[in-house]
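Start at 1 and go down the list; that is how both ligands and their atoms are numbered.
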Amino acid sequence: MATEKKVTAIKNTPKHLLGIQNLSVLEAKEILNEAKSFIKLNRGSSKKLDVLRGKTQINLFFEPSTRTQSSFDLAGKRLGADVMTINMGNSALKKGETLIDTAMTLNAMHPDIIVIRHQDSGAPNLLSQKVNCTVINAGDGRREHPTQALLDALTIINRKGNIEGLKIAICGDILHSRVARSNIYLMNMLGAEVNVIAPKTLMPKGIDNLGVRSFTDMKKGLDGCDIVMMLRLQNERMQGSFLPSKREYYEFFGLTPEKLKFAKKDALLMHPGPMNRGVEIDTKLADDINVSLVKEQVELGVAVRMACLKLYCK
Ligand code: NCD
């Protein structure tokens, strides 16, 4: 008797997760639905499945990471994969090896999935053309960070029930933020209205073409918002001077309890981390369990990464 195969939206697409821009609504929703089933598992006492048993997952991190790296690490292990994490700071990269050489070396070891974070926009796409396995983007330059946007979406759905019809503000260093770009694509795709708020120097030119409204004033930008997503100043991507001082930045763009009042009464606060307390966010507000979803974002991040690994690793 022929066994019936589950029909999935992701089945016939390329087996890489390189960005939200390449996803369809159906694919995004399928990942979010799959992730929901892992939330409960992750809260239980027995967290191990054998969905990826026999598969090899390599996490290739060319940039520092705490949350994303440990999240992918745990996600793979909970699905039963053999997981190896390579921190490229300590690798042959220091001896001048290129991304392509590294890719060819790792490919020869027959991995099934490579998760990559890289400082150059487009590095995961390049890697995906050189290896035989699934490639998942864990953040590339200022381009995309798809699993962060997906975990943000899951966190919002978990609290608000839906994304459609919500008004979401993304505030801070929009210019250098891959989190902002992936979230703009995903939240728009799922039917939210998106405002971006930044000083002029940190607002990318042509941002309005991405279907957002842009503001340089927190009061106007936060008006009527259900979700306030704060971003870190990405100093490592800044060459030259973008801001007069951190103190002045906090004054105008740091989220304080007073500024949060410009948003809706029941507005919730998000941050992908790492947070710079006292720079983009008031430290007490960041820890206020009545408004801050920061811990939930980290928790649901593991569920989202499990869903991505399961759905993309064939
Ligand atoms: C973000 C990143 O690396 O893009 N962090 C993360 O993945 N949790 C945001 C940031 O570094 O500010």
Any heavy atom of Q148 under 4.0 Å from ligand 1? The part involved is side chain
Review point. Heavy-atom distance under 4.5 Å between the side chains of E258 and D282, does that happen here?
Key: no
Below 4.0 Å from any atom of ligand 1, is there a heavy atom belonging to G139? no
Q. So, Q57 and N59: side-chain donor and acceptor under 3.5 Å apart, yes or no?
A. yes
(message) Would V179 count as being in polar contact with ligand 1, using the rule that some N or O on each side must be under 3.5 angstrom apart?
(response) no
Atom 7 (O) of ligand 1 sits nearest the protein heavy atom H145 NE2, 2.8 Å
- Do we get R305 above F72's six-membered ring, with its NZ or CZ under 6.0 Å from the centre and within 45° of the axis? yes
Worksheet item: F215 versus N195: any side-chain heavy-atom pair under 4.5 Å?
Response: yes
Could an N or O of ligand 1 be found under 3.5 Å from any N or O of R178, whether backbone or side chain?
yes
Would you say R117 contacts ligand 1, with heavy atoms under 4.0 Å as the rule?
yes
Atom 10 (C) of ligand 1 sits nearest the protein heavy atom Q234 NE2, 3.2 Å
Under 4.0 Å from one or more heavy atoms of T68, ligand 1 contributes atoms 6 (C), 7 (O), 8 (N)
Given the options K264, K167, K265, D226 meets salt bridge (Lys or Arg N to Asp or Glu O under 4.0 Å) only with K264
Quick check: P274 and ligand 1, any N/O pair under 3.5 Å apart? no
Atom 8 (N) of ligand 1 has as its nearest protein heavy atom P272 O, 3.0 Å
Checklist line | Pair D112 + K15, salt bridge at N-O below 4.0 Å | finding: no
Note: ligand 1 atoms sitting under 4.0 Å from heavy atoms of R232 are 10 (C), 11 (O), 12 (O)
Salt bridge D288-K284, side-chain N to carboxylate O under 4.0 Å = no
Result for side-chain hydrogen bond (donor to acceptor under 3.5 Å, both in side chains) between D152 and one of Q297, H271, H145 points to Q297
Ranked by distance from atom 9 (C) of ligand 1, the top protein heavy atom is G273 O, 3.5 Å
